[in-house]
Amino acid sequence: MPVFLVSLIGLALLAYAVNPYGIGISEDSVSYLAAAKSFMEQGKILTLGGYPSTRWAPLYPVILAFLQKLPVSLGDSMTVFNGLLYVFTVWTAWKIMRFSITIPLLQWAALVSISWSFAWIQAFASMWTEPLFLFLIHFVVLLLFRYYHRSHSGLWFLLGMVTGLAILQRYPGIFLLPVVCFFVFWKTKDLKSLLLATSTAAIALLPISIWLIRNYLLTETLTGQRIYGGYLFWKNMLVLADTLTSWFVPVQVPLALRIILVFPPLLLLFIWILRSRKLQNNIHLLLIASYLLILIISYLTDIEEPRDRLLSPVLTSLYVLVFSGLQHLVTSSMRPAFPSWIWKAMVLIWLLYPTSRILKNAHHWHVTGVTIYNDPAWQQSGTIHWLKQHELEGRSFSNDIFAIYYFTGRRSGFVPKTLYKRRFPVFYQSVKPGDYLIWFENKTWYRWHNLGAIQQKLKMQEIHRFNDGRIFVILENNISPSES
């Protein structure tokens with residue numbers, strides 16, 4: 001009953017968020033769509049520019065390719081697909097938390113705070129890799145619990161398969177591998193368990209290994225060329241702290257105060273977990289540590305901020321640990337001296353925060369769209385409207401190739417962001433007289449593009465100006481071979 005009711009309300013939130021502008025579409029979503037279309041038409045997973053796709057693991061584009069064959073729009077099929085994943089993930093989360101939490105009120109509080117969280121609803125309302133990734137992570141954790149509490153050891157094979165699918169869904173899924181192998185070996189700590197752990201790792205790594213070999217043979221890189229992000233390391237660490245503390249304390253509270261309120265109690269909780277030596281708590285703790293370590297390492301090679309979307313895989317484990325710690329506090333010999341109704345009231349009052357936060361954001365998405373290309377302003381885009389009505393005689397380049405592809409189906413050349421300095425020579429070499437530059441303006445995510453610098457290198461003539469963009473024709477390329 002709790003799972004059914006919580007799932008039903010969660011589905012209602014998802015439906016409200018995606019109505020009337022549809023499931024959330026971001027730049028990554030458009031890249032997945034392009035890769036899925038190339039796989040469906042050519043049997044190859046290619047980028048928007050027509051090159052072999054390496055930046056993302058291949059499972060999601062393959063799934064999208066099959067969903068495109070259904071007799072309904074991809075947006076509708078993805079909405080239903082994410083809704084089903086949401087129900088299955090809530091169910092697995094409920095099964096997981098019942099291993100650690102026995103007090104009914106705390107079980108309910110944990111389930112509600114997870115299932116109606118900003119991180120989950122945003123992910124499941126978008127065409128992103130996270131929904132399936134979340135389900136696979138929960139399934140792995142549930143299998144670990146089952147494996148440890150059953151004498152039947154054949155579950156190691158299923159653990160390897162599901163872990164392998166998680167890695168094929170997102171590269172960071174590799175964080176599951178040491179956790180799974182450690183606990184498979186730790187069950188009996190003998191030669192047999194060592195062989196089982198090794199076999200589990202082999203099964204999990206085989207599919208992604210084939211994909212990485214393919215990547216290297218085609219592009220001489222394993223996961224694509226990525227920008228150096230080390231100079232943003234400390235900024236990303238602050239974003240990490242900001243996101244984690246926002247799960248417990250309202251975002252209106254200053255970050256420094258949130259850190260003081262949240263991290264010391266969490267540290268004490270983790271120390272207690274290490275001392276308690278309970279299997280289920282140790283699994284959650286190792287999952288959190290492994291995933292956060294993967295993210296922190298990635299900050300050196302990428303610039304994506306660790307917001308709720310990226311941190312959603314640790315949400316369930318973190319909340320289960322917190323509520324199981326609270327259960328230990330109120331049931332131990334050191335329990336508080338005040339009556340039980342006080343801590344129960346405090347839990348219910350705290351639940352008002354995550355609930356009110358998701359209600360506010362669901363309404364915001366309902367009005368403005370979930371992510372970038374659901375913004376209703378795109379429906380009034382003069383630039384997009386003109387491109388739909390006219391054919392360009394030459395090639396086109398743009399600072400938003402994703403918008404052009406999503407709204408018109410056309411492929412355009414990529415104008416590098418100022419952070420990708422090494423890509424400018426290739427861009428300038430590609431541009432020829434007669435080509436077009438489609439330049440979108442007044443969008444906050446274009447802050448890393450510099451039209452003035454390009455105009456110093458290329459002689460261009462503006463032929464159209466709209467409310468949100470400009471269209472230029474390239475008259476002359478002034479770049480000398482030495483500059484390229």
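Remember, it's a predicted structure, so these values are computed and weren't measured experimentally.
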Check salt bridge (charged side-chain N to carboxylate O under 4.0 Å, His left out) between Asp76 and all other residues, then give those that pass, not counting sequence neighbours.
->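 Asp76 satisfies salt bridge (charged side-chain N to carboxylate O under 4.0 Å, His left out) with no other residue.
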Those residues that, when tested against Arg411, pass salt bridge (charged side-chain N to carboxylate O under 4.0 Å, His left out) (two or more places apart) =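 Residues passing salt bridge (charged side-chain N to carboxylate O under 4.0 Å, His left out) with Arg411: none at all.
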Using side-chain contact (heavy atoms from CB on, under 4.5 Å) as the criterion, list what pairs up with [X], not counting sequence neighbours.
X      : result
Thr92  : Thr89, Phe135, His138, Leu142
Trp386 : His390, Leu392, His464, Phe466, Ile471
Arg214 : Ile45, Pro52, Thr54, Trp211, Leu218
Ser199 : Trp156

Taking the side chain as every heavy atom from C-beta outward, state whether Phe99 and Val320 have any atom pair closer than 4.5 Å.
->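 A side-chain contact under 4.5 Å is absent here.
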Would you indicate whether the side-chain heavy atoms of Ser29 and Thr371 approach each other to under 4.5 Å?
->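 Answer no - side chains too far apart.
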Verdict with supporting geometry, Leu293 and Phe175, side-chain contact (heavy atoms from CB on, under 4.5 Å) = CA-CA 9 Å; Leu293 180 62; Phe175 87 97; over 6 Å; no
Any idea how Phe118 and Trp365 line up, ring-wise: parallel (<30°), tilted (30 to 60°), or perpendicular (>60°)?
->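 Because their plane-to-plane angle lies in the 30° to 60° range, the rings of Phe118 and Trp365 count as tilted.
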What is the minimum heavy-atom distance between Gln68 and Ala36, and which atoms define it?
->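 Looking at all heavy atoms of both residues, the closest pair is NE2-CB, 4.0 Å.
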Side-chain H-bond candidate by donor/acceptor type, Trp247 with Asp308, under 3.5 Å |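 On atom types as modelled, these side chains qualify, holding a pair under 3.5 Å.
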Kindly compute the distance separating CD1 (Ile121) from OG (Ser312), expressed to the nearest 0.5 Å.
->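 That separation rounds to 11.5 Å.
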Check Phe402, Phe440, Tyr406 against Trp378 for a ring-ring contact (aromatic ring centres under 6.0 Å, His included) and give me the one that passes.
->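 Between Trp378 and the candidates, ring-ring contact (aromatic ring centres under 6.0 Å, His included) is satisfied uniquely by Phe440.
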Any donor-acceptor N/O pair, Ser38 side chain to Ala35 backbone, under 3.5 Å |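 Looks like yes, one N/O pair under 3.5 Å.
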